[in-house]
Asker: 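Once you've had a glance at the structure underneath, I'll fire off some questions.
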2 protein chains.
Amino acid sequence: MPEAPAQAERFGKARAERSTALLEDYVELIADLFAANGEARAADVARRQGVTHPTALKNIARLRREGLVTARPYRGLFLTDAGRKLADAARARHRVVVDLLIAVGAPREAAEADAEGMEHHVSKATLKAFERFLAERRPADRDEAPQRQADEDESKTS
Amino acid sequence: MPEAPAQAERFGKARAERSTALLEDYVELIADLFAANGEARAADVARRQGVTHPTALKNIARLRREGLVTARPYRGLFLTDAGRKLADAARARHRVVVDLLIAVGAPREAAEADAEGMEHHVSKATLKAFERFLAERRPADRDEAPQRQADEDESKTS
DNA sequence: GGAAAAATTTAGCCGAGGCTACATTCCTGT
DNA sequence: ACAGGAATGTAGCCTCGGCTAAATTTTTCC
């Protein structure tokens with residue numbers, strides 16, 4: 001069993017990460033929607049999060065309080081510089097986590113699903129280790145050509 | 001960008017896992033305390049979780065509602081069969097996650113800290129992949145044949 | 001132009017999980 | 001044996017993140 005204070009610190013860290021997970025998920029989603037549609041609407045965020053619109057709006061209100069998003073009433077959502085920065089970091093980390101899970105043998109569908117929850121708890125040091133591991137394993141990979149037909153053959157193995 | 005329904009499902013899965021994370025952490029901790037001290041007290045749980053004792057008590061009340069723990073007033077905590085089963089699974093998974101993080105190059109301290117949050121989001125399929133990867137990597141190490149004397153030693157050194 | 005539909009926002013409820021302050025019960029040391 | 005300190009429990013408050021219901025604003029369509 002670990003030392004009590006060290007263990008308490010780890011649990012506290014995990015709790016803190018849980019509270020930022022929602023922020024990261026939302027800004028990442030808003031960035032994706034903006035890139036895909038030229039705008040990010042609250043209704044789309046709600047639909048993709050699998051929550052009702054009021055819930056999404058309440059959470060977006062929190063993003064605004066935290067200075068990650070701006071929005072004028074009845075208009076779309078816009079990331080601030082801080083929001084964009086956070087979204088970029090979250091997206092990059094997400095991709096590394098998915099790639100690592102696949103590299104160690106996780107089925108693609110499981111990797112994508114698990115990464116959604118795991119990514120928020122990956123520290124800088126661990127992320128660096130993931131990147132190093134992937135670089136050794138697949139030195140020529142990492143390009144941006146994103147055609148991924150492999151998704152379709154995956155049955156719902158959940 | 002993934003399909004909207006699939007993405008919503010992933011987010012929903014992550015939310016559900018977040019709600020069971022506390023249960024798993026607590027039963028695992030109670031099992032460890034019981035093994036180490038012959039009893040599990042609420043004050044110890046609070047201290048090791050890094051929360052105040054009323055918070056721990058409230059969460060333990062939830063464990064009782066969920067049938068994972070029994071307790072008589074002013075007495076220690078006891079896991080039910082369901083609680084023990086959950087604790088064993090959580091502990092085994094925790095160990096695999098830590099080992100995997102170390103195996104791919106994460107510093108030990110980061111691995112232990114990150115695993116605390118990540119473990120709750122590792123699906124069965126991904127866990128199996130982790131085990132396979134570790135078995136290939138370290139064939140003679142850590143196999144399931146002998147009992148792991150290291151566990152008992154660590155318990156006493158607190 | 002105006003009515004119907006769609007999107008957005010507000011209001012209010014709930015449970016989970018933090019906290020402080022205070023009450024109670026156990027246990028230990030003198 | 002009992003007084004004081006430690007452990008346990010209770011009460012009440014907070015925020016976060018779900019929800020439904022209803023109000024408001026925008027958009028669309030006739």
Side-chain angles (χ1 to χ4, degrees), chain A residues 4 8-30 33 37-78 116-117 120, chain B residues 4 8-27 29-30 33-34 37-78 116-117 120:
Chain A
E9 203 167 326
R10 282 175 205 153
F11 281 126
K13 166 182 165 291
R15 278 194 298 274
E17 287 160 352
R18 237 167 267 146
S19 98
T20 61
L22 181 135
L23 301 178
E24 295 174 346
D25 283 340
Y26 272 60
V27 293
E28 189 180 346
L29 186 46
I30 289 168
L33 289 168
N37 309 336
E39 64 176 358
R41 314 202 71 94
D44 294 336
V45 173
R47 189 160 37 84
R48 297 193 94 95
Q49 278 287 329
V51 298
T52 59
H53 338 85
T55 295
L57 276 173
K58 193 183 286 192
N59 292 335
I60 289 166
R62 187 182 158 210
L63 298 192
R64 298 213 273 167
R65 281 200 304 278
E66 312 242 353
L68 300 169
V69 160
T70 58
R72 297 187 316 290
Y74 296 94
R75 268 357 188 212
L77 309 170
F78 300 89
E116 205 61 70
H120 306 290
Chain B
E9 202 169 325
R10 281 175 206 153
F11 282 125
K13 166 182 166 289
R15 278 193 300 271
E17 287 160 351
R18 236 168 268 148
S19 98
T20 61
L22 181 135
L23 301 177
E24 295 175 346
D25 283 340
Y26 272 60
V27 294
L29 185 47
I30 289 169
L33 288 169
F34 206 89
N37 310 334
E39 63 176 357
R41 315 201 71 95
D44 294 335
V45 173
R47 189 160 36 84
R48 298 193 94 95
Q49 279 286 330
V51 299
T52 60
H53 63 275
T55 295
L57 279 172
K58 192 182 286 192
N59 291 335
I60 289 166
R62 186 182 159 208
L63 298 191
R64 298 214 272 168
R65 281 200 306 278
E66 312 242 353
L68 300 170
V69 160
T70 58
R72 297 188 315 290
Y74 294 96
R75 278 326 191 244
L77 309 170
F78 300 90
E116 205 62 70
H120 307 290

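Residue numbers start from 1 in every chain, and the chains themselves are labelled A, B, ... in the order their sequence lines are given, proteins ahead of strands.
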Asker: So do B:R15 and A:V51 actually touch side chain to side chain, heavy atoms under 4.5 Å?
Answerer: yes
Asker: Please identify each residue that fulfils side chain to side chain donor-acceptor pair (under 3.5 Å) with A:E28, with sequence neighbours left out.
Answerer: none
Asker: Nearest 0.5 Å, please: how far is NZ in B:K58 from OG1 in B:T52?
Answerer: 9.0 Å
Asker: Can you give me the bend angle of the helix from C:dG1-D:dC30 to C:dT30-D:dA1? Use the axis through the first five pairs and the one through the last five, nearest 10 degrees.
Answerer: 0°
Asker: Kindly write out the residues that satisfy ring-ring contact (aromatic ring centres under 6.0 Å, His included) with A:F78, not counting sequence neighbours, or none if the list is empty.
Answerer: A:F34
Asker: State, to 0.1 Å, how close A:D44 and A:R47 come at their nearest heavy-atom pair, and which atoms those are.
Answerer: OD1-NH2, 2.9 Å
Asker: Do the side chains of B:L33 and B:L77 get nearer than 4.5 Å, heavy atoms only?
Answerer: no
Asker: Going 5' to 3' along DNA chain C, between which two nucleotides do contacts with chain B fall, using a heavy-atom cut-off of 4.0 Å?
Answerer: C:dA16 to C:dC26
Asker: What string of B, S and - do you get for nucleotides 7-18 of chain D, 5' to 3', if B is base contact, S is sugar-phosphate-only contact and - is no contact with any protein heavy atom under 4.0 Å?
Answerer: SBBB-BB--SBB
Asker: Can you pull the salt bridge (charged side-chain N to carboxylate O under 4.0 Å, His left out) pairs that have at least one residue in residues 63-75 of chain B, sequence neighbours excluded?
Answerer: B:R62-B:E66
Asker: Would you call B:H120 and B:D25 a side-chain contact if the rule is heavy atoms closer than 4.5 Å?
Answerer: yes
Asker: For B:E17, is there an ion pair with B:K13 - N to carboxylate O distance below 4.0 angstrom?
Answerer: yes
Asker: Is there a side-chain contact between B:N59 and B:V45, using heavy atoms and a 4.5 Å cut-off?
Answerer: no
